[in-house]
Amino acid sequence: MADERSDFIRDIIEDDLRTGKHGGRVLTRFPPEPNGYLHIGHAKSICLNFGIAQQYGTRCNLRFDDTNPVKEDTEYVESIQRDIEWLGFSFGGTALYASDYFEEMYQLAEGLIADGKAYVCELTDEQIKEYRGTLSEPGRPSPWRDRPIEDSLALFRKMRSGALPDGACVLRAKIDMAAANMKMRDPLLYRIRHAHHHRTGDAWCIYPMYDYAHPLSDAIEGITHSICTLEFENNRELYDWALEHTRVAEKHGFTRPQQIEFARLNLDYTVMSKRKLLTLVKDGHVRGWDDPRMPTIAGMRRRGYSPEAIRALAELVGVAKTNSVVDIGKLEFCVRDDLNRTAPRVMGVLRPLKLVVTSYEAGAAGGAQTFDAPYFPPDVGKPGSRPVPMSRELWIERDDFALEPPEGYQRLAPGRTVRLRHGHCVTFEDAVVEGGEVVEVRVRHLPETLGANPQGVKVSGVIHWVSAAHAIDAEVRLYDRLFAVPRPEDAEGDFVQNLTPGSLEVIRGAKLEPSLATAAPGSRWQLERVGYFVLDAVDSQPGAIVLNRISTLREAAPARAVEAAPAEPREKNAKAKTRPAKRSPAEYRAEARARDEALAAAFDRLQRVHGLSEGDADLLTGERAVAEMIEGAIAAGAAPDAAARWLVNDPSFGKAPYAMTPANLAAFVALPLAGPAAKEVFAKMRAEGGDPRQIAAAAGLDQAADDGVVGKLVDDVIAAHPDKVAQYRGGKVGLLGFFVGQVVKASAGKASPPRVQELLKERL
RNA sequence: UCGGGGAUCGUCUAAUGGCAGGACGUCAGACUCUGGAUCUGACUAUCAAGGUUCGAAUCCUUGUCCCCGAACCA
C-alpha cells in the first residue's frame with residue numbers, strides 16, 4: 001500500500017504517534033452487537049478499523065458487545081465472523097466478548113459505589129424518566145441518590161445474587177442531574193435482567209449498560225483509538241467519566257483510550273437500519289438476510305460483489321464527520337471496475353430468438369465449426385480461451401433484431417450485416433413473423449470474415465449468440481435496486497411502500513454457451529453485452545444453473561433509460577420538530593445587559609463616547625470581564641477602535657479568561673506590529689499575560705526586517721520557483737499569495753507582508 | 001438549562017491563513033469484433049451577510065439550514 005490515503009482519524013493517530021501519547025501503540029477494535037447481520041455500513045467501519053491496524057502493523061480486536069442478552073444470539077456471532085473474514089480481514093481467529101469482562105466490570109462498579117460515585121436507585125423506569133428532566137429543563141436528584149454507601153453496596157450485591165426481580169432497581173452513576181448533556185444526568189450502569197445469555201448462560205442476572213461496558217472493555221484491552229459513529233458524540237463525556245473514575249486503563253497498565261466519531265455510511269436507494277432490514281426479512285419482502293438485493297454483507301456476497309469491490313467503496317468514500325448520503329452509483333462503479341478486470345467473458349442469451357444461418361449445412365450438427373474465443377479482451381490482458389461451437393441454428397437476443405430499427409440501432413435489421421461475436425459476419429435474408437411477432441430470423445454468413453472485415457459492406461454492430469444445438473439452459477435472476485426512491489426512509493408512511501415493484505425478475509429459458517456447464521458456484525462471469533453474473537452459491541446445481549445478475553454493463557447514452565429522480569423537498573424528521581428553540585449568544589448578551597446596569601452603561605459609552613459600532617459594543621458588553629478589558633484599555637490610552645478590533649476578532653473570544661491586563665492591551669495596540677507577528681504577540685499576551693513589548697522582543701519580532709534582507713529573500717524565492725514564476729507571468733496572478741507566503745515564511749514572520757508584496761510586484 | 005456536531009462541484013472528498021484539487025457522475029469526441037474497457041476534452045462548488053488580514057474555504061461576528069441527545073438499546 002504505497003499511497004495510503006489519510007483522513008482526520010489517521011491524522012490524530014499520526015499526531016499521537018509523534019507525541020508518544022500512547023507510548024507509540026495503536027490498537028483499534030470493531031465492536032458489533034450480535035443482534036443482526038452486518039451490512040455495507042459496517043463494512044466501512046470494518047475497513048477503517050482493520051485498515052488502520054494493517055497500516056500500523058498492529059491488530060484490530062473483534063469484540064462482541066454482548067451486554068443485552070435478550071437481543072443477542074450466536075447465529076449473529078457466527079455470521080459476523082464469517083462476514084469479516086470474507087471481507088479479507090483477520091482478527092487472529094479469536095473473537096473477544098464484552099461478556100468476558102463482566103466480573104471485572106462488576107468489581108469496578110463496586111469500587112465506584114465505595115467511592116461514592118454510584119448508587120442503587122429504586123425509582124421505577126417511569127420515575128427515572130420523569131426525574132431526568134428534559135432537554136431544556138434540569139433534572140431532579142433521585143431520592144436514593146444520597147443513601148449510605150453500605151446500603152448501595154448491599155443492594156448491588158443483592159441485585160447480583162438474583163434475589164431481586166427485573167426492574168426492581170438499577171445501579172446509577174452519581175454525576176450531575178442538572179448537566180446540559182443528558183447522558184450525564186446520573187446514567188444507568190447496571191440493570192437486572194433474568195435472561196439467558198448466549199455465552200455466560202445464567203451466570204449473571206445483572207448486565208452492564210453500553211455506556212459503562214464499552215469504555216471499560218476498550219480500556220481492558222488496551223485500545224488506543226476507539227472509533228465509532230457520530231451519534232455517540234454525546235456519549236463521549238460519559239465514556240471519559242467511566243475511564244477516569246474507575247481508573248481501569250491504569251490498572252491494566254495502559255493509557256486511556258480516546259473515542260473518535262466519524263460519519264456512518266449511508267447509501268441512497270437503500271435502507272440501513274437493523275430494524276428496517278429485519279422488517280424486510282420478516283415480512284417476506286426479500287428472501288432472507290442474504291437476499292442479493294439486501295445491503296447486508298451476506299446479501300452482497302450472494303449477489304456476487306467481491307470483497308475487493310466493497311473495500312474499494314470504503315476507500316472511495318473516505319472518512320469524515322459530515323453526514324452524507326453516498327450515491328449508490330459509486331458502489332456500482334466499484335463493482336464493475338473490479339469485475340471488468342476479473343470476470344472472464346462468455347456468451348449467453350437471456351431472451352432467445354432463433355437465428356438460422358442458411359448458408360450453413362442443415363442437420364443437427366449443422367456443419368459445426370468451433371471458434372477459439374479468448375476469455376478476456378486485449379485491454380484486460382489476461383490469458384485463457386475456450387472453444388465456442390457454431391452451427392446452423394443459433395440463439396440471439398430478442399432485442400438484437402428489429403424489423404424497424406430505431407435511430408442509432410447498432411444491431412441486426414432487414415438489409416443489414418452484423419458480426420457474430422468471435423465468428424463471422426452475417427447478412428439479413430428474411431424474418432419469419434407469426435401473429436405479429438418475429439419468431440425466426442434468417443441470415444447468410446460471409447465466409448471470409450473471420451478476423452477480417454468484409455469488403456464494401458458496412459458492419460452494423462456486433463451481437464452475441466449461442467449455438468442452439470450446444471446451448472445449456474439456465475435460470476437467470478435479474479436484480480434491480482430494492483427501493484425506487486433515493487431516500488426510502490424519508491417519505492412519510494411506511495418505508496416498504498417505496499420498494500421497487502419488480503426488483504427481482506426471473507428468466508427461465510436463458511441459453512448459455514456450453515463452456516459454462518462446468519462453472520463453479522460462486523464464480524463470476526461477464527455475459528458479453530449483457531452484464532456481470534454469478535452462479536448462485538445456494539441454488540445453482542450442475543445441470544441446473546442459476547445465475548444472479550451482479551450488475552448490468554455500463555450503458556452508453558442511446559440505450560439508457562432516462563430515469564428522472566425529481567428532488568423532492570426533504571421533510572424535517574419527526575424528532576427535529578420536537579426540539580426546543582435555542583437562544584443565540586446575542587440574546588444572552590442582551591439579557592446580561594438588562595440584568596446588569598454596568599454592562600448597559602458600558603454598551604452606551606462605547607458607542608457614544610468612544611465611537612464604536614453598535615455591533616462591536618454589543619459583543620464587548622456581554623460580560624463584565626470583557627467590558628472591563630475594553631474600557632480599561634481605553635482608559636490606559638488605547639485607541640478604542642484598535643483595542644476593540646483585537647478583542648472582537650480574538651479566536652479565544654468568550655472561551656477563556658484573559659490573562660492580560662487592560663494596560664497590557666493598551667501597550668499592545670500602541671506597538672508598530674503587523675501581520676502574523678502581531679497575532680503571535682497578541683495570542684501569547686492574551687493566554688499568559690505580560691508586557692507585549694517584552695514578548696515581542698523575546699520573540700525577535702519587535703523590528704521588521706529591512707528592505708535589503710527582504711529583497712534578498714524575494715530574490716531567493718523567485719529563483720527557487722521558476723515554474724511558478726512562469727505561470728505567474730503567464731497570467732496566473734493568484735500565485736502572488738503563494739510568493740508572499742514563501743517570503744514571509746522564510747523571514748520567520750519578520751517581513752512586512754505589504755512591503756513584500758510591493759517588492760514581488762516589482763520583480764516579477 | 002438546552003447541550004453536542006456539521007455545511008466545499010449533482011455526489012463523496014482534499015486543501016490546517018498563500019494556486020479551490022481528486023474521484024464518481026454528466027456531456028462531447030476518439031478508439032473498439034462487447035453500445036464494455038480505454039483515451040481526450042468540457043462541465044460544475046467554498047451556505048449567506050458583515051468583519052479581521054497584503055491575502056480567507058480556513059480566523060471573528062451574526063444569520064440560515066441539517067444531524068445527534070430526554071431506552072432499564074447499542
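Throughout, a chain's letter reflects where its sequence line sits, starting with A, and its residues are numbered from 1. This structure is a prediction, so every number in the text was calculated from the model and none was measured.
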What I want to check is whether an N or O donor and acceptor connect the side chain of [X] with the base of [N] at under 3.5 Å.
X	N	answer
R411(A)	G35(B)	yes
D379(A)	G36(B)	yes
N234(A)	G3(B)	yes
R579(A)	G69(B)	yes
R345(A)	U34(B)	yes
D650(A)	C60(B)	no

When rounded to the nearest Å, what value does the distance between [atom1] atoms of [N] and [M] take?
N	M	atom1	result
A23(B)	C43(B)	C1'	15 Å
U38(B)	U32(B)	C1'	9 Å
C72(B)	U8(B)	P	35 Å
U11(B)	A48(B)	P	15 Å
A28(B)	G69(B)	P	45 Å
G10(B)	A45(B)	P	7 Å
G22(B)	U46(B)	C1'	16 Å
G41(B)	A7(B)	P	32 Å

Quiz item: For S584(A) and E587(A), does a side-chain donor sit closer than 3.5 Å to a side-chain acceptor?
Solution: yes
Practice problem: Give a yes-or-no answer on whether the side chains of D65(A) and Y97(A) include a donor-acceptor pair shorter than 3.5 Å. | Solution: no
Quiz prompt | H422(A) and its side chain to side chain donor-acceptor pair (under 3.5 Å) partner, picked from E528(A), H464(A), E513(A) | solution = E528(A)
Exercise. Quickly work out the R341(A) CZ to G36(B) C1' distance and round it to whole Å.
Key: 14 Å
Exercise. Taking the side chain as every heavy atom from C-beta outward, state whether R172(A) and C121(A) have any pair of such atoms under 4.5 Å apart.
Key: yes
Quiz item: Which way is the base of A70(B) turned, syn or anti, if we draw the line at 90° from 0?
Solution: anti
